[in-house]
Structure formats: C-alpha cells, structure tokens
Amino acid sequence: MPHEPAKNHDVIVVGAGISGASTALDLARRGVDVLMVDRFCPAAMASGWTLAGVRQSGRHRAELPLARSAVEIWASMDEELEAETFYRRTGNLRCARNEAEAKIILDLVKEQEAAGLDIALLKGREVQKLAPAVSEKVIVASYCPSDGQADPVATTKAIAEAAKRAGAKTLFGERVLSLDRDASGAVIGLTTEKRRLAAGKVVLCAGVYGNELINPLDLNVPMEVQMVTMMNSTPTERIIEQVIGTANATGSGRQEPDGKFRCGGGHETWNGDIVVEDGMPRVRPSVKNLLWAMENFCDLVPAFRQARIERIWAGLIDQTPDALPVLDEPAGAPNLVIAFGFSGHGFCLGPVTGRILGALVSGEDPGYDLSPFRLSRFNSWSGGEAAPLSLHG
Ligand SMILES: Cc1cc2nc3c(=O)[nH]c(=O)nc-3n(C[C@H](O)[C@H](O)[C@H](O)COP(=O)(O)OP(=O)(O)OC[C@H]3O[C@@H](n4cnc5c(N)ncnc54)[C@H](O)[C@@H]3O)c2cc1C
C-alpha cells in the first residue's frame, strides 16, 4: 500500500454522518486541529437514509435528557449553521390501532409525563381532530408538540460545511482500513486505503461499520444490523404536519416541506449486501419488507394509497441489545472515543452527540450521565435477542 508521509492532527473523526460532522464542528470551534474522514461523503449512510424525526417522545429515560437538550439546540440550528436544515417543530403522533398498542401508548405517556415531557394522550376522535388524515382505525395516540422533523441530508451537509468554516479539514472518498496503536496499545492514528495518518485522538462515528475498526483492538459493541425500507412519494397536497408512527415503532412517516411523503418501516436482519452506485452506498430493500412498509403506512394514513412513489431505498440500523448507543472512551484503548449503536434514533441526538464527544476528547465533563452509554455495560451480555426497533420519528 502506498504510504504518504504521516500527517499529524490533534483529532481524527471517522465518519461524516450527523454524529461525526457534529463532533468535528464542536472540536473545530474549540480550536482543535481536527480532520474528518469518510469513506463516502457527508450523509452517505444512516444520516441520509433516515426518516429524520427530531423527537424526545418514546425515548428511553437514559436518553431523554440528551434528546431534550438536542431539541433546544435544533431550534436555532439554522442561524448557528448559517444554512437551512428545514427543521420544523410539528409535533409527533404515536398511534395505537388496537388495545395492545393502546396499552403501550398509555404506559409511555404516563412515564414520560412523569419525566416532565410535554406529552398528551389523545383518545378517540381527538387524534383525527388534530390530524384529519390519520386513519379512523387509530383509537389512541401520544402527542408531543415539541417534537419535530428536519431534512437529514441538508442538515448533515450544513454541519459538515460549518465544521469546515470553523477550521476542520476533510478527507472524503477514502476508507479507513484500521486504527493504529503503539506498543502500549494506545491509539496513535489510522491507516486508510491511501495513507497513514497520525493523531492525538481518534473519534469513531462509523455507524454500522464501527465494529469493523474496533474488533482488531479486541473491542466489540454487540449489534444486530437491521434493514428498514424507506420511500418518497412525489409531491402531493399537504395533509399531515406531524411525524406519524405506530405504537411499537415499527413504521413511521411524515410529509416533507414540498409535500413528498417520506415514510417506511419493517425490519429484517441485514445480509451484508451493499452496492456502491455513483459513489454512494445503496442497500436494496426486499419486496416483503417494501410491501409491509407500504401497507403499514396506508393503514395509518389511508390517503397515502393514492400517492405516486418516486424513490425507494433501504436504510441500516446499528441496533444494540438495549437500543442505546455506546458513547465512550473504552478501557484498553487510550486515545479512542467511540459513538455508534444509535439503534435507529441518533439523528435527533446528533448536535448533542457532537458536544458530548467534543467534551470527552477535550477532557471536560460533558454534563450528562453517560453511564448508561458505557461499553462496559455489555461485559456480562452473553448474546440473545436485541431490543425491538424503536426507529419511529
Ligand atoms: C430508515 C431509518 C430511519 C431512521 N429514523 C430516525 C428518526 O426518525 N429519528 C432519529 O433520531 N433517528 C433516526 N434514524 C437513526 C439515525 O438516522 C442514525 O442513528 C444517525 O443518522 C446515525 O448517524 P451517525 O453519524 O452515527 O452514522 P452514519 O450516518 O451511518 O455515518 C457513519 C459514517 O461513517 C462512514 N464510515 C463507516 N466506516 C468507515 C470507514 N471504515 N472509513 C471511513 N468512513 C467510514 C460512513 O461512510 C458514514 O458516512 C433512522 C435510521 C434509519 C436507517
């Protein structure tokens, strides 16, 4: 492999999804010499495939403080980034169509009200009064008015651009093959397809590929990679404002500012197939999953049945056994920070993830209880079922 002379950076961030780009931005604003490397480009994987709901409702109690802070940050992201994220605080409706789903919603509203979230229980026709396009099959829903949605590609690119303006350097279209360590085991840089780069610290925000880079260091985040089918319709009349999803979070959808539906759902274990087309990674959804996702969203919003489909894609989810990410400086690998396993709900968290990782790298207190996100919580995990998907919104 051709090796260019080593270049030194304080920090190298691997991954230019919303987590990595936000981290590079935070570090650059701190005056840190940071390089962001991506195999493709910003928003090439989950941060481009996502539904892009920006929600606090339905979050695990450990994640709720992060999501609430994130929603505060989202409110001024356009000014902060000097770009359009198309963030709108439209609310989020989580819908129940039968008694079993209704119980999930009742429990959720009770727990999240107690945690201080502005969440309401809508019953009977209250749901359709708020959102007339929602099916009459929906008998109960939770409604969180401060939840919202954004444009994922525009947002992630805007964050990456802001990072560059703040001084971050970028290296796109180059795959990181391995992390480099010294004799003591400390991470000292990385090797890409084309070069070896030295760094004081490496932050790994590589999504579903995170384990590929830490497994050689005898580290592993237990994860099952799941594939979810997504689609866009052509622009249609605006009939829903909120992000709409099912109680058990198996499917969800929303209308983008131009009226296109963006929706999806279903999940199946990813078989590892991925193709690169026009320099971008693509995963092909299965017919079974596609039909399920279409039927499920028609069941929630019957008018969707008349829509014309413009684009179909599949997205990958880095699902951990407890559906919480790992945000940690793992023991045994000094100078390494890892952030993946977002389990289908890391888009909303992106701006906070960046600040947390920026603080960790800088040796500062991030200001959140990170114990639920330590890698060591899986030390006694011996395999078994992953937590159910909770990608909704
Ligand atoms: C269908 C779907 C719906 C979702 N819905 C929501 C939602 O409504 N709300 C929400 O909050 N979240 C949602 N999520 C989850 C959210 O999108 C992700 O958690 C989030 O985007 C993860 O961002 P990331 O930066 O951590 O990872 P990614 O965006 O996947 O970025 C990882 C980057 O690392 C790069 N990379 C990987 N390996 C290497 C390597 N070896 N060398 C160089 N670069 C590498 C990749 O190219 C990629 O760009 C959804 C996800 C999917 C797939």
Side-chain angles (χ1 to χ4, degrees), residues 12-24 36-56 58-59 63 66-67 70-71 74 92 147-150 152-153 155-156 159-160 171-179 190-193 203-214 225-231 243 245 249 251-254 262-267 270 274 276 279-281 283 285 293 313-319 323 325-327 338-350 352-354 357 389-393:
I12 300 179
V13 176
V14 181
I18 195 161
S19 308
S22 301
T23 305
M36 174 167 47
V37 185
D38 199 288
R39 182 177 169 176
F40 302 106
C41 62
M45 297 190 73
S47 301
W49 294 326
T50 179
L51 178 73
V54 178
R55 74 171 161 95
Q56 311 140 100
R59 294 263 170 194
E63 236 182 41
L66 278 60
V71 163
W74 275 98
N92 183 305
D147 285 347
Q149 50 188 291
V153 175
T155 302
T156 308
I159 298 171
L171 185 60
F172 296 148
E174 202 161 309
R175 183 177 181 180
V176 175
L177 299 179
S178 61
L179 302 178
L190 49 79
T191 301
T192 76
E193 294 159 309
V203 183
L204 196 54
C205 300
V208 297
Y209 288 125
N211 274 335
E212 271 188 11
L213 292 171
I214 64 166
V225 179
Q226 297 190 344
M227 186 177 94
V228 173
T229 300
M230 295 293 294
M231 66 204 86
V243 178
S252 52
R254 62 186 180 91
R262 184 182 184 96
C263 59
H267 58 97
W270 181 45
I274 194 159
V276 178
M280 293 291 277
V283 180
W313 68 99
L316 299 176
I317 308 258
D318 43 354
Q319 185 78 11
V326 172
L327 305 173
I338 62 172
F340 52 93
F342 285 96
S343 304
H345 37 85
F347 180 72
C348 161
L349 299 182
V352 163
T353 301
L357 301 183
L389 260 198
S390 52
L391 79 147
H392 154 60

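Numbers here are sequence positions counted from 1. First listed ligand is number 1; within each ligand, the first listed atom is number 1.
With ligand atoms numbered from 1 in the order given, ligand 1 contributes 19 (O), 26 (O) to contacts under 4.0 Å with heavy atoms of Phe342. Near Leu51, with a cut-off below 4.0 Å to any heavy atom, the atoms of ligand 1 are 3 (C), 4 (C), 5 (N), 8 (O). Proximity to Ile317 (heavy-atom distance under 4.0 Å) selects the following atoms of ligand 1: 51 (C), 52 (C), 53 (C). Less than 4.0 angstrom separates some heavy atom of Cys348 from each of these atoms of ligand 1: 10 (C), 11 (O). Set against the non-hydrogen atoms of Met230, the atoms of ligand 1 under 4.0 Å away are 1 (C). Residue-ligand proximity, Gly315 to ligand 1, at heavy-atom distances under 4.0 Å covers atoms 53 (C). Under a 4.0 Å criterion applied to the non-hydrogen atoms of Arg175, ligand 1 contributes the atoms 41 (N), 42 (N). When each atom of ligand 1 is checked for a heavy atom of Leu213 under 4.0 Å away, the hits are 41 (N).
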- [ ] Kindly determine whether Val243 and Arg55 satisfy side chain to side chain contact (heavy atoms under 4.5 Å, CB included), including the steps that lead there.
- [x] CA-CA 9 Å; Val243 178; Arg55 74 171 161 95; over 6 Å; no
- [ ] Could you check Trp74 against Thr155 for side chain to side chain contact (heavy atoms under 4.5 Å, CB included), going step by step and ending with a plain yes or no?
- [x] CA-CA 10 Å; Trp74 275 98; Thr155 302; 3.5 Å; yes
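Residue Pro285 comes nearest to Met227 through the heavy atom pair CA-CE, 3.8 Å, listed as atom of the first residue, atom of the second, then distance. In terms of heavy-atom proximity, Phe172 sits nearest to Met36 at CE2-O, 4.0 Å. Taking each heavy atom of Ile317 and Val208 in turn, the nearest pair found is C-CG1, 4.1 Å. Of all heavy-atom pairs between Pro152 and Arg254, the closest is CD-NH2, 4.0 Å. Smallest separation of non-hydrogen atoms from Val228 and Gly266: CG2-O, 3.4 Å.
Residue contacts with ligand 1, taken as heavy atom pairs separated by less than 4.0 Å, do not involve Pro152 at all. The backbone and the side chain of Arg39 each have at least one atom closer than 4.0 Å to an atom of ligand 1 (non-hydrogen atoms only). At a heavy-atom cutoff of 4.0 Å, ligand 1 is contacted by the side chain of Tyr209 but not by its backbone. With a 4.0 Å heavy-atom cut-off, ligand 1 is reached by no atom of Val243.
Within the set Val14, Thr155, Leu316, the minimum heavy-atom distance to atom 53 (C) of ligand 1 is found for Leu316. For atom 14 (N) of ligand 1, the candidate residues are Cys41, Gly344, Ala21; the nearest heavy-atom contact is made by Gly344. Scanning Gly15, Cys205, Gly354, Gly245 for the heavy atom closest to atom 32 (C) of ligand 1 points to Cys205.
Judged purely by atom type and a 3.5 angstrom limit, Asp147 has no side-chain atom pairing as donor or acceptor with the backbone of Asn92. Judged by distance alone, the side chain of Trp49 and the main-chain N or O of Leu316 form no donor-acceptor pair under 3.5 Å. Judged by distance alone, the side chain of Glu193 and the main-chain N or O of Arg175 form a donor-acceptor pair under 3.5 Å.
Using a 4.5 Å cut-off on side-chain heavy atoms (C-beta onward), Ile274 and Met45 make contact.
In this structure, Phe40 counts as a contact residue of ligand 1, since one of its heavy atoms falls inside 4.0 Å of the ligand. Heavy-atom distances between Arg59 and ligand 1 reach below 4.0 Å in at least one pair. Within the 4.0 Å heavy-atom shell around ligand 1 one does not find Gly264.
Paired with Ile18 under the rule side-chain contact (heavy atoms from CB on, under 4.5 Å), one option of Thr50, Ile159, Thr353 passes, and it is Ile159.
Not a single N or O atom of Ala339, backbone or side chain, sits closer than 3.5 Å to an N or O atom of ligand 1. At a 3.5 angstrom cut-off on N or O pairs, Phe347 counts as close to ligand 1. In terms of polar-atom proximity, Glu174 is not counted as a contact of ligand 1, lacking any N or O under 3.5 Å from an N or O of the ligand. Geometrically, ligand 1 and Asp38 share a nitrogen or oxygen pair separated by less than 3.5 Å.
Side-chain atoms of Glu63 and His345 form a donor-acceptor pair, as typed in the model, at a separation below 3.5 Å.
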